Amino acid sequence: MHHDPAFDLHDAQRRRLLAGGLAAAAAFALPPLPFPVAGAPLPPHPSEAPRMATFTTRDGTTLFYKDWGDGPVISFSHGWPLSADAWDPQVFHLASHGFRCIAHDRRGHGRSSQPWGGNDMDTYADDLAQLFEHLDVKDVMMVGHSTGGGEVARYIGRHGTSRVSRAVLMGAVPPIMVQTPDNPGGLPLSVFDGFREAYLADRAQFFLDVASGPFFGFNRPGAKVSQGQIRSWWEQGMQSGFKNAYDCIKAFSETDFTEDLRKFDVPTLIIHGDDDQIVPIDAAARRSVELVPNATLKVYPGGSHSLGDTSREQLNADLLAFARS
């Protein structure tokens, strides 16, 4: 057999690269040092470690939830088609300031199970009520974004405020999104039919288009676009059940929360961006504040639909101040 000297050279290069790669891998796999590095934060005490768990509702649906921190309770209801992860910046901030924060994945979303039925606001609210009962939480400050705002409203409408101390509706869908004779300023049903059509045609691309454009306001001139936020939104959306997220379009757009809002009897803060392209402010927050007794409306000038990301510092400060009030 003919011996090629170049083979020896290439083989040696391969061995060096392999050795270097293994060394790098070993370095990343090294166990932590038994003593803290100067300036590094100490690991949390076990009682302070983030808690995550699952709970099974009476109809057999498994809900995933986070339960972080200790102190007065704040619950977080996320928007469509996301998961509790969408609230991580707020949950982390408030749990770091002495509050116990509970954020669940709505049925059919995130890490919760994907039942064929029950993808409606009544069931969403009942799921949350069962979770509150399971955890036996009281004096809860309920926070809901977008579809989650509808969930908060329907919870109060169906279950009252015996476990609730205050409420926050942020970029929320109430009182009703779709245009009706009683809601002439709503969006035509054809808009939501278009959502469903695009969803069925190419769900992955539809989610990418929403995240890349109107959700964060990245389609506005001069917007600082974050590819990381786009990818995070897309990945959360793709975790949702196909039928669950499809059905939820009807739930968030056609459910009328008018009577639910009239039943609010706790301090309520309504937060909305005046450049919200998903849930326009005039037919949502500006009408809701007229229906909720003694509610306060706080408008974020130029604010997008995703204030938890694009106006994070302001929202975190406003939620903390309201929780402490």
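The model shown is predicted, which means the values in this text are computed figures rather than measured ones. Numbers here simply count residues along the sequence, with the first being 1.
The salt bridge (Lys or Arg N to Asp or Glu O under 4.0 Å) with R107 is formed by just one residue from the set D127, D120, D122; it is D127.
One side chain, H305 or S146, offers a donor N or O that lies under 3.5 Å from an acceptor on the other. S83 and Q236 are linked by a side-chain donor-acceptor pair at a separation below 3.5 angstrom, with hydrogens and angles left out of the test. The closest side-chain donor-acceptor pair between T61 and S113, if any, does not fall under 3.5 angstrom.
T258 pairs by the side chain to side chain donor-acceptor pair (under 3.5 Å) definition with D256, not counting sequence neighbours. Checked against side chain to side chain donor-acceptor pair (under 3.5 Å), D260 has the following partners two or more places apart in sequence or in another chain: R154. With sequence neighbours left out, the side chain to side chain donor-acceptor pair (under 3.5 Å) criterion links S212 to no other residue. In this structure, S253 has no side chain to side chain donor-acceptor pair (under 3.5 Å) partners at least two apart in sequence or on a different chain. A search for salt bridge (charged side-chain N to carboxylate O under 4.0 Å, His left out) contacts involving E197 returns nothing, not counting sequence neighbours. For K263, there are no salt bridge (charged side-chain N to carboxylate O under 4.0 Å, His left out) partners two or more places apart in sequence or in a different chain. For A321, the side chain to side chain contact (heavy atoms under 4.5 Å, CB included) test picks out no residue, with sequence neighbours left out. For the salt bridge (charged side-chain N to carboxylate O under 4.0 Å, His left out) test, residues two or more places apart in sequence or in another chain that qualify with D282 are R286. Residues meeting the salt bridge (charged side-chain N to carboxylate O under 4.0 Å, His left out) test with R111, sequence neighbours left out: D85, D105. With sequence neighbours excluded, the residues forming a side chain to side chain contact (heavy atoms under 4.5 Å, CB included) with Q205 are D202, L208, D209, listed by chain and number.
Side chains of M238 and W234 form a contact here, defined as non-hydrogen atoms less than 4.5 Å apart. By the 4.5 Å heavy-atom criterion applied to side chains, R203 and F242 are counted as neighbours. Between D265 and T161 the shortest side-chain heavy-atom distance falls below 4.5 Å. Residues Y124 and C248 form a side-chain contact, since some pair of their non-hydrogen atoms from C-beta on lies under 4.5 Å apart. Between K298 and L269 there is a side-chain heavy-atom pair separated by less than 4.5 Å. In this structure the side chain of F195 never reaches within 4.5 angstrom of the side chain of D193, judged on heavy atoms.
A donor-acceptor contact shorter than 3.5 Å is absent between the side chain of D276 and the backbone of I281. Not a single donor-acceptor pair under 3.5 Å links the side chain of T255 to the backbone N or O of F252. In terms of modelled atom types and a separation under 3.5 Å, the side chain of Q130 and the main chain of R58 share a donor-acceptor contact. Side chain of D70 to main chain of F99: no donor-acceptor pair is present (N/O by atom type, distance under 3.5 Å, no hydrogens or angles).
Among all heavy-atom pairs drawn from V289 and A295, the shortest one is CG2-O, 3.8 Å. The minimum heavy-atom distance between I249 and W80, with the atom names listed, is CG1-CZ2, 3.8 Å. In terms of heavy atoms, F192 sits closest to V178 at CE1-CA, 4.0 Å.
No close placement of the F64 and F55 rings is indicated, their centers lying 6.0 Å or farther apart. You'll find the ring centres of W233 and F207 inside the 6.0 Å limit. A ring-centre distance under 6.0 Å is found for H109 and H78.
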Checklist line | side-chain contact (heavy atoms from CB on, under 4.5 Å) between Q90 and L315, worked out | finding: CA-CA 8 Å; Q90 287 69 50; L315 180 65; 4.0 Å; yes
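Within the structure, the side chain to side chain donor-acceptor pair (under 3.5 Å) test picks out the following pairs touching residues 287-297 (sequence neighbours left out): N183-R287.
Relative to the six-membered ring of F132, R163 misses at least one condition, a distance below 6.0 Å or an angle of at most 45° to the axis.
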Anything under 3.5 Å between a donor and an acceptor, one on a side chain of residues 164-176, the other on a protein residue two or more places apart or in another chain? List them.
| residue | atom | partner | partner atom | Å |
| --- | --- | --- | --- | --- |
| S165 | OG | D139 | O | 3.2 |
| S165 | OG | V140 | O | 3.3 |
| R166 | NE | F322 | O | 3.4 |
| R166 | NH2 | S325 | O | 2.8 |

